[in-house]
Amino acid sequence: MNIPIDRQLDILTARSVDLVSRAELRRKLETAAAAKRPLRVKYGADPSAPDIHLGHVVGLNKLREFQDLGHTVVFIIGDFTGMIGDPSGRSETRKPMSREQIAANAKTYQDQVFKVLDRARTEVRFNSEWCAALAFPDVLRLTAQVTVAQMLARDDFQKRFKDNQPISVVEFLYPIIQGYDSVQVDADIEVGGTDQLFNLLVGRDLQKAFGKEQQVVLTLPLLEGLDGVRKMSKSLGNYVGIAESPREMFGKIMSIPDAMMARYFALVLGRPDDEIKALEQALASGKRHPRQVKDELAQAIVARFHSPAAALAASAEFERVFSEHKQPDEIPTIVIPMAQRKNGKLGVMALLVAAGLAESNGAARRLIQQGAVKIGEAKITDIATELAIPEGCVIQAGKRAFARIVSA
RNA sequence: GGUGGGGUACCGAAGUGGCCAACCGGGGCAGACUGUAAAUCUGUUGGCUAACGCCUUCGAUGGUUCGAAUCCAUCCCCCACCA
């Protein structure tokens, strides 16, 4: 590796929010280079939600940058954490997951993660490997390392405490478990979102307590989801999964607020600062149209996780369906046997429900009354309409829902 | 263990005997417009019904009442504070 250390530092710290500390990172890079030993870069994942989305990609990109400079990623799957059930959702304690479930999720995770990471430079570990072996006295020794004041200093705990929101003791254990993972895998660096800062720092404390070299802590911005406000997460439903179909992926990206485009370019695609600045200027001056820029963004993201060809196709399809209001080229087929029809005919409401385009007759009625329903090219406005459905005709409910009806 | 505060539709949150299928906000869905599943505006958002209306829902179960989300009893669950 002959890239100068300063250049490496610039690459590795780009887009970061917190860095503890630059001097330490430099020193580690230097000693690693001298000893021809890759650094161990730790990243933790919770197996409760196996689908990787663009929010995760922000961190994975950073890990990939480390790998491209020759370092090793230690990807930790928090299966131990999964087994005791994640309490971080404030209202309800999640049900602990079964072994099979965790194994299945872990597999999905790995399949997806290597769309970004370099498999050859990744070490996958499960934290049950060492956590399950801990005896209670070990746990006591660990917990003694962190004080309640330290815990309460953490942003979200403090807020919840002030608001009289419950905080379970298990939640206090989380940072400790995570920190202990760092001890076990001899992490040189740990990467996480800004919300992880506290947990990452606990890792440093515990490593010190165990007489190990402390890890460098590097945090990255949290990517906002499709609403452009709250962080992207599966539970909020504002995410784009990297395993989603090109069409879904493209459409979802097109629905982000315009103001988020630059951020997605930077965090998901890792585009350099000067390019982002130029883009923002072009947008502000009206030199480039937001619609085109967003199309480019959506295409770039689809191309990254599928292929350039798929991106092009998704873009064309989107244009056709939403700008020109034509039918998509792939429409799911629904079978409605002749037996269900009266004299070969069927009421529109029954049809909508049978085709899965409406949840109930009431919903179907509303759709029709609001002018959302089309059979072929004809808009249906009367809820009492009876139809002799021609074989293969297309029914549309709203902008996005289509179904092709056949009788057998 | 004691005291106090709570459990309302997808979420948050009003409602304390009839005007409550339940204000309002968010989210969802739809329409208009458009530059896109952006923004904005409008409508809609338990089930059955063409409609009148009927049925189920306000932690659970019983009860009072012509009538309950609202009152009473028992139970279950959550939170905070003091120990």
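The structure presented is a predicted model; accordingly, all values stated were derived computationally and were not measured. Letters A, B, ... mirror the listed sequences (proteins, then strands); counts begin at 1.
Here the separation of A60(B) from G7(B), taken at their P atoms, is 13 Å to the nearest Å. When the C1' atom is used for both C24(B) and C20(B), the distance is 15 Å, rounded to whole Å. Across U57(B) and A69(B), the matching C1' atoms stand 10 Å from one another, rounded to whole Å. Between the P atoms of G5(B) and A9(B), the separation comes to 22 Å (whole Å). Rounded to whole Å, the C1' atom of G67(B) lies 6 Å from the corresponding atom of G18(B). Atom P of G25(B) sits at a distance of 12 Å from the matching atom of U44(B), rounded to the whole Å. If you take atom P in C33(B) and the same atom in U45(B), they sit 23 Å apart, rounded to whole Å. Separating the P atom of A22(B) from that of C10(B) is a span of 16 Å, rounded to the nearest Å.
Side-chain atoms of K379(A) lie closest to A32(B) of the nucleotides C29(B), U49(B), A32(B). Side chain of E248(A), nearest nucleotide from A32(B), A37(B), U36(B): A37(B). You'll find that the side chain of R366(A) is closest to U44(B), out of A38(B), U44(B), A37(B). When the nucleotides G35(B), A38(B), U49(B) are ranked by their closest atom to the side chain of N361(A), U49(B) comes out on top. For P290(A), taking side-chain heavy atoms from C-beta onward, the closest of the listed nucleotides U36(B), G35(B), A30(B) is G35(B). For S360(A), counting side-chain heavy atoms from C-beta on, the closest listed nucleotide (A50(B), G47(B), A37(B)) is G47(B). Set against U44(B), A51(B), G35(B), the side chain of R291(A) has G35(B) as its closest nucleotide.
Remark: A80(B) base-pairs with U3(B); criterion is Watson-Crick or G-U wobble with both hydrogen-bond distances under 3.5 Å. Nucleotide C24(B) forms a Watson-Crick or G-U wobble pair with G12(B), both donor-acceptor distances falling under 3.5 Å. U36(B): no Watson-Crick or G-U partner with both key distances under 3.5 Å is found in any strand. Pairing for A30(B) is with U42(B), a Watson-Crick or G-U wobble pair whose two hydrogen-bonding atom distances lie under 3.5 Å. Base pairing analysis places A60(B) opposite U74(B); the two distances defining the Watson-Crick or G-U wobble pair are each below 3.5 Å.
Using a 4.0 Å heavy-atom distance criterion, A372(A) is classed as a sugar-phosphate-only contact. Among the protein residues, G398(A) comes within range of the sugar-phosphate backbone only, with heavy atoms under 4.0 Å from sugar or phosphate atoms but none that close to a base.
Atom CD in E224(A) sits roughly 18 Å away from atom P in A38(B) (whole-Å rounding). Put simply, NE2 on H289(A) is 12 Å from C1' on A39(B), counting in whole angstrom units. K252(A) places its NZ atom 17 Å from the C1' atom of A38(B), with the value rounded to the nearest Å. Between the CD1 atom of I301(A) and the P atom of U36(B) there is a distance of 19 Å, given to the nearest Å.
No donor-acceptor pair closer than 3.5 Å links the side chain of D18(A) to the backbone N or O of T219(A).
Atom CG of D273(A) has 12 or fewer neighbouring heavy atoms from other residues, nucleotides or ligands inside a 6.0 Å radius. In the displayed structure, K208(A) atom NZ is contacted under 6.0 Å by at most 12 heavy atoms of other residues, nucleotides or ligands. Around the CZ atom of R22(A), the shell of radius 6.0 Å holds more than 12 heavy atoms that belong to other residues, nucleotides or ligands.
Across L63(A), D188(A), L29(A), a single residue satisfies side chain to side chain contact (heavy atoms under 4.5 Å, CB included) together with H71(A), and that is L29(A).
Between S323(A) and U36(B) there is a side-chain N or O to OP1 or OP2 distance below 4.0 Å. Between G31(B) and K399(A), a contact under 4.0 Å exists linking OP1 or OP2 to a side-chain N or O.
Applying the salt bridge (charged side-chain N to carboxylate O under 4.0 Å, His left out) rule to pairs touching residues 276-285 of chain A yields nothing, sequence neighbours excluded.
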